[in-house]
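Below you'll find the structure I mean.
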Amino acid sequence: MTTTLILSQAAVALHGVSRVFGRGPSAVHAVDDVTLEFPRGGWTAVMGPSGSGKSTLLHCAAGLERVDTGRVMLGDTDLSAATDSQLTALRRTRIGFVFQSFNLIGSLTAEQNVALPLRLAGKRPSRSVVRATLDAVGLADRARHRPRELSGGQQQRVAIARAMVTRPEVLFADEPTGALDSTAARTVLDLMRAMADAGQSIVMVTHDPGAAARADAVIFLRDGRVVDRLSGADTRQVADRLAAWEH
Amino acid sequence: MLRMSRAGLADRWTLFVGALLSVTLGVALVQSSLLLLISAATSSLEDGDAAVAMLGIMLGGATFLAGFIISSTFAFTVDQRRRDLALLRLVGGSRSQVRRLLLGEALLLGLGGAALGVPAGLVVMDVQEWLMHRFEFVPEGFTGQWRMWILGVSVGTGLLLAIAGVLVAAHRAARVRPLEALRETGPAARVMTAGRWIAGLLFFGGALALMIVAPHGGPAGGQAMAMNVAMPAAVAVVAFAPLLVPLLARLMPFGGGVLGSLARANVRDARRRSASVAAPLIVLVALVVGNTGAGTTFTTSGIAEVARSTRADLVVQGRVPAGFTDGTVSTELSLPGEITTGQGEDQETEAISVLVVDPAAYSAVHTTPVAVRGKAVVAGPGGDVPTSGTVHVRLPQGDLGELPVVGAVPATMSGGANLLLPPGLVPEAQLASASAVSYVALKPGADPAAVRTALARFGPVTSVGDWLKSDAAARNDINQKVLLMVLGLGALYALIGVVNAIVIGAATRRREFAEARVTGLTRGQVVRAALLEAYAVTGAGLLLGALAAASALIAAVATTSAVTGTATLDLPWTLIGVTALVALTVTGLTSLITSWSATRRAPVTLLAARE
């Protein structure tokens with residue numbers, strides 16, 4: 001088993017985690033006995049063919065999906081044993097999310113969307129904090145726009161600002177560039193690279209080798225198991241490795 | 001949270017129009033009925049009881065229906081907004097915050113409903129006043145009086161209706177899991193929840209119990225119980241609607257072709273939406289067909305019962321003197337009265353109607369033995385009085401004192417006088433004001449036309465059949481009018497509910513419609529498929545409403561059989577036809593308008609634009 005030393009070094013650690021959907025012969029082992037650490041202050045990309053369990057792994061690591069066996073540790077907090085209200089509190093303070101389909105609240109302005117997690121936590125966010133967070137994603141001038149008045153790339157950057165406003169320990173990103181054109185995707189990836197360089201822990205699921213190559217390390221998943229990993233690879237190397245595992 | 005509630009309402013206002021309308025109408029009706037009720041109760045109306053009773057029923061009905069529509073609207077909007085609510089949970093919203101968000105929305109809706117409901121209440125009061133004059137509940141010159149305190153009541157009503165309506169939905173919403181935000185369509189939430197099963201079985205049990213007990217309740221009790229079967233039966237059917245509606249809707253004729261199969265698949269898939277559209281229709285049909293059907297059944301049965309037991313040919317509205325020799329004459333004089341029964345604390349006084357009869361002639365004409373003379377009385381066909389012991393009888397112009405009850409004629413379905421008095425008990429002077437009806441049984445061989453002419457001297461003459469019909473109609477008049485007004489109200493609410501459900505459904509189906517269009521369907525085909533679907537669901541709703549109505553009718557038929565010995569069923573076919581036609585027209589038009597407007601924008605803009 002993992003030692004205490006490693007626990008304190010990892011931002012998120014999975015110990016023998018399994019997640020099965022369905023029962024009997026039709027049961028799907030989406031995550032199959034995975035033991036894995038996502039390092040603190042690093043950007044890890046998770047790749048794999050469709051149905052390899054990437055998203056389920058991310059959901060389990062973020063405490064969104066219950067695990068059937070094993071433990072998920074966020075720092076020294078056991079997510080697999082946390083109650084609903086404890087998980088709610090964690091989402092407000094220590095975990096941030098970014099998703100493929102932005103998931104902004106349509107009735108609120110960019111500014112209000114960004115301030116939402118703080119307000120849900122019962123804090124009165126100062127305008128300057130919210131503006132600074134929006135400024136950090138280059139959207140200070142779009143603060144009063146509603147999501148539908150923004151381009152896809154801009155919406156995703158608002159979503160990142162919303163995730164980052166609580167200064168989370170880990171940012172989870174599920175295909176953050178999946179719905180963006182290449183220019184918008186590059187802007188978002190640049191932003192995430194800058195965040196990682198500043199010490200932010202990021203766990204990202206992607207199927208785009210170009211996006212994965214911007215991360216510090218890439219983990220390959222197949223049939224719910226970790227089958228390979230790469231560090232400091234370029235787009236081509238990631239693409240070749242992915243192609244190898246897709247066959 | 002209140003700010004988010006406000007933003008949510010502003011952004012998704014189409015989802016809430018129906019709820020707002022329901023609160024507004026609820027507030028308006030409560031305010032108007034209450035003002036009129038207070039005015040009627042405090043004024044010295046001669047026959048204020050019927051008006052007060054009618055307004056009381058309106059008050060209760062409006063509250064119940066507004067609560068029903070608001071809670072079902074909220075339940076449906078919560079289902080349609082699962083992704084939004086899950087998203088809130090995802091970014092750190094707690095369960096209680098989700099609850100508070102919905103309560104905040106309800107609060108704003110309640111205030112909005114009250115703000116619109118107060119002025120609308122004044123309009124409603126004009127309409128109600130007009131109806132009450134029209135139906136002769138109140139005399140000319142009666143008007144409702146405005147009271148300042150009603151403002152507080154109306155705001156309170158709005159808030160209470162909206163917040164009570166949202167409680168269950170808020171509880172359900174708080175259980176939405178954060179991960180549901182990430183699923184594009186997501187596995188539909190379980191529709192047959194434990195609450196639905198419990199409510200369904202409970203109300204089914206209630207309806208069943210009423211159906212079983214009604215035939216044993218006697219004429220008055222049985223009628224009252226049978227008239228109350230439709231409501232719990234409708235609630236039970238509505239609770240099981242997510243199971244029953246898709247099942248029935250799939251059996252509707254869709255026609256062949258791709259549109260038919262698409263519509264059929266949609267009905268099967270969107271169980272929650274289908275059930276929401278069908279629910280108010282079920283209530284509508286159950287109320288209208290069940291209650292009016294039971295009402296006409298009882299009236300017809302009552303007429304038939306009296307007709308079977310009456311041996312008379314002609315009826316004269318007047319006193320036929322004793323010397324008339326062309327037939328047997330039973331002259332019956334009707335007076336209002338009061339009886340007091342019981343002793344001490346159990347003493348009870350109630351208004352009754354008494355009938356002064358000639359026992360021998362009455363027995364012959366009504367084929368029921370009546371033996372009474374001197375200072376004694378017999379319980380009449382109207383029931384409601386003790387059949388033994390003594391009663392204290394008072395008439396408008398004199399106290400008859402304590403009188404023994406020496407017998408009883410069987411109580412009849414259509415009621416009638418509560419006490420039969422022998423001649424001589426009431427002084428002739430007091431009988432001058434009594435309304436008189438004389439039943440005439442012709443001697444064998446007598447010429448009806450000649451007798452009729454001879455009788456015309458004493459008052460208008462009708463055949464006994466026509467008389468029984470008009471007599472029953474007059475007796476049921478007040479009940480019918482009350483029923484009509486309450487049913488009108490119920491129908492209005494139910495239609496709002498239907499329109500509401502379709503509008504909410506279509507507002508959240510833009511994307512689905514767009515997907516169908518990029519798959520190759522034209523706009524017209526999408527609209528037609530939605531229309532087919534609406535018709536199938538309406539058909540299922542009408543059938544299920546008929547099922548709930550049938551339970552009331554079964555109770556009514558069983559009661560007529562138990563009371564009169566002959567099972568009778570008489571259905572108001574015109575009303576049933578009109579109800580079905582109105583339901584089909586309203587759902588069809590609403591579906592057309594909403595799906596047409598939901599497909600206004602080019603599909604590609606809808607599919608490209610994400611939240």
Side-chain angles (χ1 to χ4, degrees), chain A residues 21 55-56 58-60 62-66 83-109 112-123 146-152 155-156 159 162-163 165-166 168 172 174-175 179-180, chain B residues 1-16 77 80-102 104-105 108 173-187 507-508 510-511 601 605-611:
Chain A
F21 293 106
S55 288
T56 307
L58 186 88
H59 296 159
C60 289
L64 289 172
E65 187 83 70
R66 160 184 83 71
T83 64
D84 183 78
S85 54
Q86 285 167 334
L87 287 173
T88 301
L90 286 175
R91 285 197 289 274
R92 286 173 181 170
T93 49
R94 295 172 61 188
I95 302 175
F97 300 100
V98 179
F99 297 101
Q100 177 176 2
S101 52
F102 323 139
N103 281 325
L104 298 175
I105 292 186
S107 57
L108 301 180
T109 64
Q112 287 169 334
N113 263 292
V114 171
L116 189 58
L118 293 175
R119 287 187 36 221
L120 287 171
K123 293 175 192 149
R146 302 223 169 171
R148 69 177 84 89
E149 297 156 351
L150 300 172
S151 73
Q155 285 187 59
Q156 191 60 299
R162 181 179 65 186
V165 77
T166 57
F172 291 95
D174 193 354
E175 303 275 12
L180 301 179
Chain B
M1 271 300 130
L2 207 60
R3 214 163 95 194
M4 272 205 72
S5 302
R6 205 174 56 221
L9 282 182
D11 197 52
R12 294 172 162 266
W13 63 272
T14 45
L15 292 184
F16 296 99
T77 53
Q80 302 292 307
R81 293 161 70 203
R82 290 188 83 78
R83 249 189 111 199
D84 277 13
L85 298 172
L87 183 57
L88 198 64
R89 296 276 283 123
L90 196 61
V91 295
S94 65
R95 291 184 171 182
S96 71
Q97 281 172 325
V98 171
R99 262 196 297 270
R100 288 215 302 275
L101 174 75
L102 288 171
E105 289 175 357
L108 293 172
R175 293 201 309 243
V176 172
R177 296 173 56 222
L179 208 52
E180 290 180 45
L182 304 182
R183 305 210 169 100
E184 202 53 58
T185 44
T508 53
R510 291 216 167 88
R511 200 180 157 80
R601 285 166 65 196
T605 62
L606 275 172
L607 292 180
R610 312 280 281 273
E611 277 159 68

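Just so it is clear: chains get the letters A, B, ... in the order the sequence lines come, proteins before strands, and each one is counted from 1.
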Between R92(A) and G93(B), what is the shortest heavy-atom contact and its length?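 It is NH2-C, 4.3 Å.
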For salt bridge (charged side-chain N to carboxylate O under 4.0 Å, His left out), just list the numbers for D84(A) and R89(B), CA-CA rounded to whole Å, side-chain angles, deciding distance to a tenth of an Å, and then say yes or no. CA-CA 10 Å; D84(A) 183 78; R89(B) 296 276 283 123; 2.8 Å; yes
Give the minimum heavy-atom separation between R91(A) and L90(B), together with the two atoms involved. CD-O, 3.2 Å
Closest heavy-atom contact between L120(A) and Q97(B)? O-NE2, 2.5 Å
Between atom CZ of R177(B) and atom CG of L64(A), what is the distance when rounded to the nearest 0.5 Å?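 One gets 8.5 Å once the value is rounded to the nearest 0.5 Å.
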How far does CG of L87(B) sit from CZ of F97(A), to the nearest 0.5 angstrom? 11.0 Å
